[in-house]
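Sharing a structure, written as structure tokens. Questions coming.
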Amino acid sequence: METSQILLIFFGGLVPMAAVAFALGRRKALLSDAAGSRMHSLPAQYGVYVATWMALPALAIGVVAAGAALLGVRVPSAPFVLSFALFGAAIGLALALRKVEPSLRARNAIEKFVYWTLFAASLVSILTTFGIIISILFEALKFFSQVSVWDFVTGTNWSPVATFRPGQEAANSQFGSVPLFAGTFMITLIAMSVAIPVGLLAAIYMSEYASYRVRTLAKPLLEILAGIPTVVYGFFAAITVSPLVVEVANFFGLHASYTNALAPGLVMGIMIIPFISSLSDDVINSIPNSLREGAYALGATKSETIKQIILPAAFPGIMAASLLGISRALGETMIVVMAAGLRPNLTWNPLEDMTTVTVRIVDALTGDQAFDSPETLAAFALGLVLFVVTLTLNLVSIIIIRKFRQSYE
């Protein structure tokens with residue numbers, strides 16, 4: 001029996017049973033109420049209570065069986081697990097129905113169940129973050145057991161030698177990550193130099209100057225840029241922007257490579273504009289009109305009000321939008337692959353080719369080399385350092401936002 005068929009039978013049986021459980025619990029509460037027994041909660045709440053306790057045993061059995069299978073523990077056959085889960089649902093239904101009586105606080109039980117469900121949902125992101133850290137950390141430690149941490153962090157030459165057999169030594173391999181992070185920060189800086197000014201100015205225009213008709217037309221058109229696949233941006237950067245950069249550089253007597261860092265940076269900035277513009281626009285619109293009216297009453301012009309009142313009040317949100325754009329730029333891969341090349345190049349010249357950390361991670365994990373080789377494990381080390389850099393940026397931005405908010409308040 002296929003997995004899709006098992007899931008179909010499981011949920012196909014669980015959903016009708018939940019409906020039956022709800023009807024039975026509600027009916028028993030109505031009958032008790034009609035007999036003169038004053039129920040604590042509403043009849044529908046008793047129905048939800050019975051349906052919940054019917055579904056929980058079945059879901060618990062399914063989750064435990066799936067988790068054991070993922071961990072490599074031998075479990076009974078899928079039809080047996082399915083039958084056992086539905087049998088557990090029937091037992092839960094019978095026990096829950098027996099508890100339906102005037103003393104049962106069904107409403108309190110449901111609220112408590114909802115509380116713990118929301119609490120578990122809030123833990124998902126935290127546990128996922130820890131899972132990502134652990135999965136990266138263990139593989140990165142394997143890499144650092146073969147390559148010096150100091151050489152990795154401070155080295156200026158990235159030239160790994162591929163190994164295709166487990167245990168094969170890669171002679172003369174060098175894993176200096178400085179050129180990769182230099183390329184990452186260079187392209188990110190170019191992108192944010194485009195995205196932040198253009199996105200912020202567009203947000204100010206749409207929220208403070210544009211008419212309702214212009215706003216309803218311009219904002220959706222601007223946000224269309226966020227839905228374009230990055231591979232399309234990559235084509236645009238490689239075919240249109242890179243040759244244009246070369247021609248402009250030649251006009252001024254400069255030499256530019258067709259796989260330069262400036263082109264993907266510019267295109268990446270265009271891609272990030274909708275993120276910053278949309279979020280900043282929402283933040284600016286959330287500023288109370290009383291602040292604007294107070295400034296106008298004191299004789300301030302519109303531009304003075306925006307500069308002295310609106311932007312300081314919206315600064316935390318604008319900072320958050322900019323941080324989101326920076327994180328998006330740090331993680332972008334496809335545009336850099338198609339327009340900036342794959343060569344690690346430590347240079348300050350954006351007209352030369354260079355690559356980023358994410359591109360090298362993809363390149364290391366998509367080859368035929370052995371998984372335990374330093375070249376492959378280097379991807380996890382790069383990911384770990386990039387994670388630390390991103391986390392540091394988040395912490396710094398939080399500190400800046402809190403200090404600015406305190407000084408503004």
Side-chain angles (χ1 to χ4, degrees), residues 1-135 282 286 320 398 402:
M1 187 178 295
E2 296 181 357
T3 304
S4 58
Q5 295 176 340
I6 295 172
L7 292 175
L8 180 62
I9 295 173
F10 178 74
F11 289 105
L14 199 61
V15 172
M17 289 182 67
V20 171
F22 175 82
L24 292 176
R26 182 176 180 274
R27 181 174 179 274
K28 187 174 180 179
L30 288 172
L31 292 176
S32 298
D33 197 22
S37 300
R38 183 174 178 81
M39 306 298 289
H40 174 272
S41 306
L42 297 175
Q45 293 172 340
Y46 287 97
V48 174
Y49 175 84
V50 175
T52 300
W53 281 104
M54 183 279 306
L56 282 179
L59 293 175
I61 292 171
V63 170
V64 170
L70 289 175
L71 294 175
V73 179
R74 187 174 181 180
V75 296
S77 61
F80 177 81
V81 174
L82 176 63
S83 303
F84 187 62
L86 295 179
F87 177 74
I91 296 297
L93 171 60
L95 295 177
L97 276 176
R98 290 185 60 182
K99 288 186 175 182
V100 176
E101 54 187 23
S103 61
L104 175 64
R105 298 175 177 268
R107 181 183 62 203
N108 296 14
I110 293 172
E111 290 179 353
K112 191 173 183 180
F113 173 76
V114 171
Y115 167 81
W116 286 108
T117 301
L118 297 176
F119 178 76
S122 65
L123 287 178
V124 170
S125 59
I126 299 175
L127 295 177
T128 302
T129 303
F130 278 112
I132 292 172
I133 294 174
I134 292 173
S135 62
D282 294 337
S286 67
I398 290 173
R402 286 181 178 176

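Since the structure is predicted, the reported quantities are computational estimates derived from the model, not experimental observations. Residue numbers run from 1 in the order of the sequence given.
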Partner of Y46 under side-chain contact (heavy atoms from CB on, under 4.5 Å), chosen from L97, V100, L24: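 Going through L97, V100, L24 one by one, the side-chain contact (heavy atoms from CB on, under 4.5 Å) with Y46 is satisfied by V100 alone.
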Run the side-chain donor-acceptor check on residues 105-113: report pairs under 3.5 Å with partners two or more places apart or on a different chain.
residue, atom, partner, partner atom, Å
R105, NH1, H40, NE2, 3.0

Report the distance from atom CG of L127 to atom CD1 of I134, rounding to the nearest 0.5 Å.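 Interatomic distance, L127 CG to I134 CD1, rounded to 0.5 Å: 9.5 Å.
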Shortest non-hydrogen contact from R98 toward E101: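 Minimum heavy-atom contact is O-OE1, 4.5 Å.
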Who passes side chain to side chain donor-acceptor pair (under 3.5 Å) against S122, sequence neighbours left out?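 With neighbours one apart ignored, the set is empty.
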Once you round to the nearest 0.5 Å, how far does OG1 of T128 lie from CG of L123?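 The OG1 atom of T128 sits 10.0 Å away from the CG atom of L123.
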Can you give me every donor-acceptor pair (side chain of residues 49-59, partner residue at least two apart or in another chain, under 3.5 Å) with its distance?
residue, atom, partner, partner atom, Å
T52, OG1, V48, O, 2.7

Assign the ring pair Y115 / F119 to parallel, tilted or perpendicular, where the plane angle (0 to 90°) is split at 30° and 60°.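 Ring orientation of Y115 relative to F119: parallel.
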